[in-house]
Structures are given as C-alpha cells and as structure tokens.
**Q** 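Here it is, the structure in full.
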Amino acid sequence: MQETKQATIFDALLPVLFLICSLGGSVYLFGDSSSSGPNQIALLFSTAIALLIGLKNGFSWAVLEEAMIKGITLSLGAILILFMVGSLIGTWLLSGTVPTLIYYGLQVINPSWFYAASCILCAIVAMSIGSSWTTAATIGVALLGVATGLGLDQVVTAGAVISGAYFGDKLSPLSETTNLAPAVAGSNLFDHIHHMLWTTVPSFFIAVVIFVFMGFNAADVAEASRINEINEILQSHFNIGLIMLVPLLTLLTLALKKMPAFPAVAIGAVLGAVWALIFQHDLIAAQIASTDSYLVGATKLVWTAFFDGFSIKTGDESMDSLLSGGGMAGMLNTTWLIMIALLFGSVMEKVGLLEVFVKSILKVAKSTGSLITATIATCIGTNMIAADQYMAIVMPGRMFKKEYEKRGLDNVNLSRTLEDGGTITSPLIPWNTCGAYMQGVLAISPLDYAFYAFFNLINPVLAVVYAYLGIKILKITPKHLSN
C-alpha cells in the first residue's frame with residue numbers, strides 16, 4: 001500500500017500563491033486576451049507545482065495521473081453543453097430568433113428600467129427552468145443586443161443578467177445546485193429553499209434597486225434615431241416575426257419538462273437550423289457564394305453555423321458584431337480553460353492541499369459567525385482553486401458537516417451557506433467553469449461584469465452579517481448531548 005506524507009501549510013500555499021501571481025501577471029500583460037491562452041498556461045504551471053508537491057509527499061505518478069484524468073472527466077458534461085450552446089447561438093442568429101428578440105426588446109423595454117427589467121426577466125426564466133446557463137445563452141444574449149440598441153452599457157447588462165440568472169437558479173427546485181447542496185448537507189430540499197429566502201430575497205431586492213438607479217442615470221443615452229436605425233437593419237436583413245421565437249419557446253418548454261441540458265440545447269440548435277431554412281430564404285440567398293446553387297449554399301451556411309457560427313455584413317460595424325458569432329469553434333478557448341482549471345483542482349484535492357486550508361480555518365473559527373464565514377470563504381476559495389461550482393459545494397459540505405452538527409447547527413444552515421458561498425460566486429471567477437462559460441456565451445469577461453453582478457456580490461456579504469447577528473440561524477441539540 002502506498003504511504004504518503006500529510007501536506008503542510010507551506011505545501012498548500014505554494015501552488016496557490018504561484019497561481020494568484022501568475023494570473024495577475026497574465027491579466028497585466030495580456031488584458032482582455034488573458035483567457036485565450038495566458039491564464040491556461042498559468043494554471044498549467046500551477047498544476048505542475050502541485051504535482052511536484054504530490055510526488056515529494058509520496059504519491060505515485062499513476063495515482064496523480066488518475067486524479068487528473070478524473071478531473072477532466074468531470075468537465076466533459078459542461079464541455080458538451082458548451083459546444084452545443086455555441087451551435088445554438090449560431091443557428092439562432094441565422095434563423096432570426098435572436099434578431100427577433102432584439103427587435104421586440106427595443107420596442108417594449110424602456111431604457112430607464114432596462115437593467116432592472118433584465119435582472120428580473122432572467123430571474124423569472126431561470127427560476128422556471130432551473131438553469132442559469134440556459135438563461136444566459138438565450139435571454140441573456142438577446143438582452144445584450146437590446147442594450148446595444150438602446151445605447152446602454154453591455155457590461156452592466158451582463159451583470160444584471162448574471163444577477164437574475166443566479167437568483168432564479170438558486171431558488172429553483174429544478175436546479176442541480178439547489179438539489180446538490182441539501183443532499184451534501186443532509187437537509188430537506190424545500191426546507192433548504194425556504195431557509196435560503198432569508199439571505200437571497202433581500203440581496204436580490206437590493207440589487208434590483210441599484211439597477212433601477214443605474215437605469216435612471218443611463219436613460220438619457222438612448223437615442224430614438226439609433227433605435228429606429230437598428231430596427232431598419234434588422235428588418236432589412238432578417239424575416240422578423242413572433243414565429244421566429246418558436247425555437248426559444250421549445251427550449252424553455254423542454255427545460256421545464258426537466259429534459260437534460262445537452263439534448264434540450266441540441267434540439268433547440270437543430271430547430272434553429274430548420275427555422276433558418278424555412279423562414280430566412282432572402283438572408284441565405286444573400287449569404288451564399290455566387291458559384292453555389294441555393295441548395296448547396298444553404299446547406300453549407302447552416303452547417304457552418306453549427307461549427308463556426310454565423311457572420312453578416314450589414315454596413316454597420318456595431319451591428320455586424322452584434323449579429324455575428326456562435327459556433328462550436330468559438331467555445332474552444334473556454335473549453336481549454338475549463339479542462340486545465342479542473343486539472344489543477346483535481347491535483348490539489350488528491351494531494352490533500354485543499355484539506356489543509358480547511359483544517360487551518362477550523363482552528364480559528366470558534367463562533368457560529370466565524371464558522372459560517374469560514375464556510376463561505378472556503379467555498380469561494382474552492383471555486384478559485386478547484387474551478388468548479390459543484391466541487392465548491394461538495395468539498396466544503398463534506399468537510400464542515402460534522403462541525404455544524406457538533407455545534408448544534410441545523411443542516412439547513414450549512415446547505416444555505418454552501419449556496420451563498422459556492423453557487424453564487426462561481427460566475428465571478430474567469431477560470432471557473434461558470435465564469436468561463438459566461439464569458440464564452442456573453443463575450444464579456446467576468447473581470448468586467450463582476451463589479452455589476454450586484455446580487456452575487458451582496459448575497460455572501462449579507463450571509464456573513466446574518467451569521468454574526470444570529471439572524472435565522474437554526475439550532476438543534478448537539479448529538480453528544482442527545483445520547
């Protein structure tokens with residue numbers, strides 16, 4: 001049997017400090033391009049340091065390699081969804097689904113309450129279908145287009161989309177994380193959701209109020225002439241109509257029926273391609289090469305939308321950028337980032353470096369407030385180190401569960417805290433699976449929108465305030481006293 005040494009605090013800190021410094025250097029040197037390779041290399045070198053520590057402590061290469069392969073395997077489900085979302089965006093641009101959403105959004109949404117409306121709309125959709133990812137890839141993409149039409153800030157809009165999507169996802173009984181947290185903590189699903197309301201709803205309310213004030217301040221930038229110009233461009237290049245929203249409604253229906261994300265998004269992407277062939281004859285005819293017949297050109301165009309997205313020249317540079325994108329190829333950088341990040345996280349867990357941090361934290365977390373704060377900090381740290389929200393729920397949940405029971409705290413306190421710290425903060429970290437996904441879909445870096453994802457920022461802080469003030473901290477009789 002393989003004998004291994006227990007990791008020291010120095011062992012645990014070395015790869016983490018190197019990662020922090022190298023990621024900071026990556027952003028400084030490469031700016032917005034840091035997620036297109038530099039961050040991946042930083043994570044890869046950090047993984048190498050963790051591997052060397054593992055070898056030093058007696059782990060064989062075979063064991064470490066198995067852990068890395070397992071870590072990559074955990075990412076495959078997210079990668080499949082990510083690729084299919086790329087195809088969905090490409091076919092929905094070609095089919096007129098996204099342009100139609102933008103067109104009608106410009107008609108009905110007033111600039112003064114656009115940010116707040118975006119946040120609330122994403123919250124309703126995410127709560128209905130239980131998926132922040134699907135909400136961002138569909139409603140979120142369209143809202144960014146509307147923001148462009150209204151002359152509003154896309155980064156703030158992305159923050160509103162993230163805030164609403166994660167609020168709805170967090171409170172939906174259909175959400176995977178909402179089911180995972182109570183399963184790990186040992187609490188009841190609906191007790192868990194009810195207990196989350198105390199931190200989640202006030203945080204969301206505060207966020208919406210902030211978005212309302214930001215909207216009033218930004219209302220003057222919207223120009224009616226520009227909105228009319230955009231609508232004319234959309235109508236001149238796409239067949240706009242309510243029937244173009246059928247792919248979206250189909251996807252939302254499949255999500256409500258609890259169909260797994262990958263087949264549901266795949267069906268939505270295929271339906272978008274079919275809709276393009278049926279309703280966008282003029283667009284397709286204008287896009288195909290003069291040497292191809294309509295049948296051959298249309299087939300190539302739709303096929304390309306799946307793997308390389310859709311591109312259009314309208315004569316307006318900003319509209320060209322808005323109406324072009326998608327495709328599986330556009331998700332390759334994001335996929336690369338997710339795989340390398342989970343590689344690093346899996347080695348850190350296997351070598352026992354993450355556990356060192358938790359044990360060190362428990363030594364100083366004497367009060368209930370400090371314990372809950374430590375749990376949230378561990379969830380955030382796991383999101384940063386292990387780069388996955390599921391690991392940020394499962395690992396701290398396993399590590400802190402006995403301590404919560406020992407201190408007479410009901411399991412719903414732990415399950416709520418896991419979501420307050422784990423689920424909520426995952427999209428704010430660029431190399432986390434959620435942060436990488438959101439950047440791939442919204443084309444805006446988490447380093448930018450994180451400052452405006454007010455719900456995601458406020459919720460953990462409010463949870464800590466509740467913990468120290470003793471607000472809605474449920475108690476039970478400690479096990480050693482009940483025997």
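The first residue of the sequence shown is numbered 1, and numbering continues consecutively from there.
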**Q** Would you find a donor on one side and an acceptor on the other, under 3.5 Å apart, between the side chain of T91 and the backbone of A269?
**A**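 Yes; at least one donor-acceptor contact below 3.5 Å.
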
**Q** Using side chain to side chain donor-acceptor pair (under 3.5 Å) as the criterion, list what pairs up with S163, not counting sequence neighbours.
**A**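 For S163, no residue satisfies side chain to side chain donor-acceptor pair (under 3.5 Å) once neighbours in sequence are set aside.
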
**Q** Measuring from atom CG of N231 to atom OH of Y104, what distance do you get when rounded to the nearest 0.5 angstrom?
**A**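 Output value for this atom pair is 10.5 Å.
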
**Q** For Y390 and E176, what are the C-alpha separation, side-chain angles and deciding distance, and is it a side-chain hydrogen bond (donor to acceptor under 3.5 Å, both in side chains)?
**A** CA-CA 9 Å; Y390 298 116; E176 292 178 350; 2.4 Å; yes

**Q** Decide yes or no for L323 and P99: does some side-chain heavy atom of the first lie under 4.5 Å from some side-chain heavy atom of the second?
**A** yes

**Q** Below 4.5 Å, heavy atoms only, C-beta onward: do I210 and I458 meet side chain to side chain?
**A** yes

**Q** For S324 and L93, which heavy atoms make the closest approach, and how far apart are they?
**A**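 Nearest pair, atom of S324 first, then L93: C-CD1, 3.9 Å.
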
**Q** So with a 6.0 Å cut-off around CH2 of W336, is the heavy-atom count from everything else above 12?
**A** yes

**Q** Under 4.5 Å between any side-chain heavy atoms of M328 and M84, yes or no?
**A**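 Yes, close enough: below the 4.5 Å cut-off.
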
**Q** Apply side chain to side chain donor-acceptor pair (under 3.5 Å) to T148 and list each qualifying residue two or more places apart in sequence or on a separate chain.
**A**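 Result, side chain to side chain donor-acceptor pair (under 3.5 Å) vs T148: Q154.
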
**Q** The test is side-chain contact (heavy atoms from CB on, under 4.5 Å); show your working for M214 and F454 and say whether it passes.
**A** CA-CA 12 Å; M214 292 188 73; F454 297 118; 3.5 Å; yes

**Q** Mind listing the closest non-hydrogen atom pair of Y166 and S132 along with its distance?
**A**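 Looking at all heavy atoms of both residues, the closest pair is CZ-OG, 3.5 Å.
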
**Q** Kindly give the heavy-atom pair with the smallest separation between A50 and M348, and that separation in Å.
**A**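 That closest heavy-atom pairing would be CB-SD, 4.0 Å.
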
**Q** Please check this pair: side chain of W92 against backbone of G268, looking for a donor-acceptor N/O pair closer than 3.5 Å.
**A**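 Yes; judged by distance alone, with no hydrogens or angles, the pair exists.
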
**Q** Taking E419 as the fixed residue, which of H195, K170, Q389, H192 is the one that meets the side-chain hydrogen bond (donor to acceptor under 3.5 Å, both in side chains) rule?
**A** H192

**Q** Rounded at 0.5 Å granularity, tell me how far CG in L19 sits from CG in N39.
**A**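 Atom-to-atom, L19:CG and N39:CG are 9.0 Å apart.
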
**Q** If we ignore hydrogens and angles and just use 3.5 Å, is the side chain of T135 paired with the main-chain N or O of A165 as donor and acceptor?
**A** no

**Q** So, Q280 side chain and S95 main chain: donor-acceptor pair closer than 3.5 Å or not?
**A**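 Indeed, once roles are kept as given, a pair shorter than 3.5 Å links the two residues.
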
**Q** Identify the heavy atoms of C122 and I139 that sit nearest to each other, and give their distance.
**A** SG-CG2, 4.2 Å

**Q** Under the salt bridge (charged side-chain N to carboxylate O under 4.0 Å, His left out) definition, can you give me all pairs with a residue in residues 65-74, not counting sequence neighbours?
**A** none

**Q** Any chance you could lay out the side-chain contact (heavy atoms from CB on, under 4.5 Å) test for F114 and T157, step after step, and finish with the verdict?
**A** CA-CA 8 Å; F114 174 77; T157 303; 3.5 Å; yes

**Q** Pair Y437, W133 - check ring pair (Phe, Tyr, Trp, His ring centres under 6.0 Å), show working.
**A** CA-CA 8 Å; Y437 173 89; W133 283 28; 3.9 Å; yes

**Q** Kindly indicate whether the side chain of L462, heavy atoms from C-beta on, has any atom under 4.5 Å from the side chain of P202.
**A**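 They are in contact (side-chain heavy atoms under 4.5 Å apart), so the answer is yes.
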
**Q** Does A450 have any side-chain contact (heavy atoms from CB on, under 4.5 Å) partners at least two apart in sequence or in another chain, and if so, which?
**A**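 A450: side-chain contact (heavy atoms from CB on, under 4.5 Å) contacts with L428.
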
**Q** Can you confirm whether V347 sits close enough to I53 that some side-chain heavy atom of one is under 4.5 Å from a side-chain heavy atom of the other?
**A**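 The answer is no; the side chains never approach within 4.5 Å.
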
**Q** After noting the C-alpha distance and the side-chain angles of L248 and T100, does the key distance pass the side-chain contact (heavy atoms from CB on, under 4.5 Å) rule?
**A** CA-CA 11 Å; L248 170 63; T100 296; over 6 Å; no

**Q** Closer than 3.5 angstrom, by distance alone: can the side chain of Y466 be matched with the main-chain N or O of W198 as a donor-acceptor pair?
**A** yes

**Q** Is there a donor in the side chain of S426 and an acceptor in the side chain of N383, or the other way round, less than 3.5 Å apart?
**A** no

**Q** Are side-chain heavy atoms of P173 and N179 found at a separation under 4.5 Å?
**A** no

**Q** Among I376, I380, T375, T382, which residue meets the side chain to side chain contact (heavy atoms under 4.5 Å, CB included) test with T378?
**A** T382

**Q** With sequence neighbours excluded, what pairs up with D11 under the salt bridge (Lys or Arg N to Asp or Glu O under 4.0 Å) test?
**A** K56

**Q** Which distance, rounded to the nearest 0.5 Å, do you find between the CD1 of I233 and the CZ of F238?
**A**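 If I round to the nearest 0.5 Å, the distance is 10.5 Å.
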
**Q** Which atom pair, heavy atoms only, marks the closest approach of K313 to H237?
**A** O-NE2, 4.0 Å

**Q** Could you list the residues that satisfy side chain to side chain donor-acceptor pair (under 3.5 Å) with Q40, not counting sequence neighbours?
**A**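 With neighbours one apart ignored, the set is empty.
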
**Q** How long is the span from the OH atom in Y452 to the CG atom in D448, to the nearest 0.5 Å?
**A**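 Rounded to the nearest 0.5 Å, the OH-CG separation comes out at 9.0 Å.
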
**Q** Check I162 against P427 and note the closest heavy-atom contact, atom names and distance.
**A** CG2-CG, 3.9 Å

**Q** Answer yes or no: is there a side-chain heavy-atom contact under 4.5 Å between L418 and P396?
**A**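 Yes; the side chains approach each other to less than 4.5 Å.
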
**Q** Apply side-chain contact (heavy atoms from CB on, under 4.5 Å) to the pair D153 and Y115, showing each step before the final yes or no.
**A** CA-CA 9 Å; D153 195 320; Y115 297 139; 3.5 Å; yes

**Q** Are D169 and S175 close enough that a side-chain donor and a side-chain acceptor fall under 3.5 Å?
**A** yes

**Q** Working to the nearest 0.5 Å, report the span between CD1 of I312 and CD of Q287.
**A**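 If I round to the nearest 0.5 Å, the distance is 5.5 Å.
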
**Q** Roughly how far, to the nearest 0.5 Å, is CG of N459 from CZ of F167?
**A** 9.5 Å

**Q** For the side chain of T250 and the backbone of V246, is there at least one donor-acceptor N/O pair under 3.5 Å apart?
**A** yes

**Q** For atom OH of Y468, decide whether the heavy atoms of other residues, nucleotides or ligands shown that lie under 6.0 angstrom number more than 12.
**A** yes

**Q** Is there a side-chain contact between I424 and P460 (heavy atoms, below 4.5 Å)?
**A** yes

**Q** Exactly one of L51, I49, L43, L44 should register a side chain to side chain contact (heavy atoms under 4.5 Å, CB included) with F344. Which one does?
**A**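 Answer to the side chain to side chain contact (heavy atoms under 4.5 Å, CB included) test with F344 among L51, I49, L43, L44: L43.
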
